Amino acid sequence: MKEINKQRKDYLSWNEYFMAIAKLSAMRSKDPSTQVGACIVSGDNRILSIGYNGAPNGFLDSNFPWERNGDMLNTKYAFVCHGEMNAILNYRGSRKELEGAKIYVDLFPCNECAKLIIQAGIKEVIYLSDKFKDKDGSLKETDAVKASKLMFDNCGVKYYQVDIENQEITIKLEKK
């Protein structure tokens with residue numbers, strides 16, 4: 001059969017597509033300082049679940065302490081549910097389908113989310129940003145990030161930073 005080859009050339013790669021969905025999900029977050037989204041994908045590139053960081057169900061966002069500094073009970077850190085956690089908890093299918101899946105996140109997972117990712121059976125983490133890297137490429141990792149990488153390495157979870165830099169995707173919502 002003769003190849004026609006008339007398809008578009010500027011379509012999104014799978015990494016671009018799923019990372020864009022994670023970033024779009026992050027836009028739902030009401031966190032004033034850090035918005036993180038996550039997208040869990042099966043081995044055959046089906047979206048299984050999405051999530052973003054925010055207050056637990058039933059906790060009014062307007063009553064939520066969004067501060068970054070102060071005593072623990074007056075900051076977001078004691079209460080916020082991370083995007084990875086929400087994506088895992090939002091999944092409504094068979095747990096078996098999560099085993100071997102990939103998770104796209106726009107920020108490298110903390111140690112608490114790393115534990116959830118491992119327990120869910122997710123085997124690949126694709127992240128956009130590691131805010132602990134300096135501009136010169138050196139790494140100033142927190143203990144939480146070191147713990148995440150140690151757990152991922154010991155449990156056979158691959159992780160890598162996606163090679164997408166300064167790409168802008170514009171979505172125009174209009175009726176046709």
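Just so you know, residue 1 is the first one in the sequence shown, and it goes up from there. Quick caveat: nothing in here was measured; it's all calculated off a predicted structure.
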Quick one: do Ile40 and Ile88 satisfy side chain to side chain contact (heavy atoms under 4.5 Å, CB included)? Show the steps, please. CA-CA 8 Å; Ile40 301 174; Ile88 291 167; 3.9 Å; yes
On the 0 to 90° scale, with breaks at 30° and 60°, tag the Tyr104-Phe18 ring pair as parallel, tilted or perpendicular. tilted
Roughly how far apart are Ser129 OG and Lys23 NZ, rounded to 0.5 Å? 7.5 Å
Take Glu67 and Lys76, measure what side chain to side chain contact (heavy atoms under 4.5 Å, CB included) needs, and give me the verdict at the end. CA-CA 6 Å; Glu67 288 77 23; Lys76 64 182 182 175; over 6 Å; no
Is it the case that the side chain of Asp106 and the backbone of Val36 share a donor-acceptor pair, with hydrogens and angles ignored and the cut-off at 3.5 Å? no
Restricting to non-hydrogen atoms, name the atom on Val41 and the atom on Ala101 that form the minimum distance, rounded to 0.1 Å. O-CB, 3.3 Å
Give a yes or no on whether Phe79 atom CZ has more than 12 heavy-atom contacts from other residues, nucleotides or ligands under 6.0 Å away. yes
Ser25 side chain to Gly51 main-chain N or O, any donor-acceptor pair under 3.5 Å? no
Side chain to side chain contact (heavy atoms under 4.5 Å, CB included) for Leu128 and Val105? Distances and angles first, verdict last. CA-CA 7 Å; Leu128 184 60; Val105 291; over 6 Å; no
With a 3.5 Å cut-off and no angle check, do the side chains of Asn45 and Lys102 form a donor-acceptor pair? yes
same_hphob_cluster(Tyr77, Leu107) at 4.5 Å side-chain heavy-atom cutoff: no
Would you mind listing every side-chain hydrogen bond (donor to acceptor under 3.5 Å, both in side chains) that reaches into residues 35-44, with sequence neighbours excluded? Ser42-Asp44, Asp44-Arg46
Under a 3.5 Å distance rule, please check whether Asn74 uses its side chain to pair with a backbone N or O of Gly70 as donor and acceptor. no
Given 3.5 Å as the limit, does a donor-acceptor pair link the side chain of Asn15 with the main chain of Val162, or not? no
With heavy-atom distances below 4.5 Å as the criterion, would you say the side chains of Asn90 and Ser49 are in contact? yes
Work out which heavy atom in Ala114 is nearest to a heavy atom in Met151; give both atom names and the distance. CB-CE, 3.9 Å
Between Val80 and Phe64, what is the shortest heavy-atom contact and its length? N-CZ, 3.5 Å
Which pair of heavy atoms, one from Gly100 and one from Lys123, lies closest together, and at what distance? CA-CG, 3.8 Å
Does a side chain donor of either Ser94 or Glu97 reach within less than 3.5 Å of an acceptor in the other side chain? no
Does Asp71, at its CG atom, have more than 12 non-hydrogen atoms belonging to other residues, nucleotides or ligands within less than 6.0 Å? yes
Of all heavy-atom pairs linking Val125 and Phe152, the shortest is CG2-CZ, 3.8 Å
Any donor-acceptor pair under 3.5 Å from Trp66 side chain to Asp61 backbone: yes
Heavy-atom neighbours of Tyr160 OH exceed 12 at 6.0 Å: yes
Path from Leu24 to Tyr52 over hydrophobic side-chain contacts below 4.5 Å: no
Are more than 12 heavy atoms, taken from residues, nucleotides or ligands other than Asn69, located less than 6.0 Å from that residue's CG atom? no
Single hit among Ile117, Val145, Val157 for side chain to side chain contact (heavy atoms under 4.5 Å, CB included) with Pro109: Ile117
Approximate separation, where rounding is to 0.5 Å, of Ile103 CD1 and Ile50 CD1: 11.5 Å
Spatial distance of atom CD1 (Ile118) from atom SG (Cys155) [nearest 0.5 Å]: 4.0 Å
Just by distance, no angles: are the side chains of Ser29 and Asn53 close enough, under 3.5 Å, to form a donor-acceptor pair? yes
Distance in Å, His82 NE2 paired with Thr34 OG1, rounded so as to fall on 0.5 Å steps: 9.0 Å
Take Asn154 and Leu150, measure what side chain to side chain contact (heavy atoms under 4.5 Å, CB included) needs, and give me the verdict at the end. CA-CA 6 Å; Asn154 276 273; Leu150 181 64; 3.4 Å; yes
Taking atom CD of Glu16 as the centre, report whether more than 12 heavy atoms of other residues, nucleotides or ligands fall under 6.0 Å from it. yes
Working to the nearest 0.5 Å, report the span between CD of Glu84 and CG of Asn86. 9.5 Å
Is there a donor-acceptor pair under 3.5 Å between the side chain of Gln161 and the backbone N or O of Tyr127? no
If I compare all heavy atoms of Arg68 with all of Ser33, which pair ends up nearest, and what's the gap? CD-OG, 3.3 Å
Spell out, yes or no, whether Met19 and Ile47 are grouped together once hydrophobic residues are joined by side-chain heavy atoms under 4.5 Å, including indirect joins. yes
Evaluate ring pair (Phe, Tyr, Trp, His ring centres under 6.0 Å) for Phe108 paired with Tyr159, printing each intermediate quantity in order. CA-CA 9 Å; Phe108 189 83; Tyr159 55 91; 5.7 Å; yes
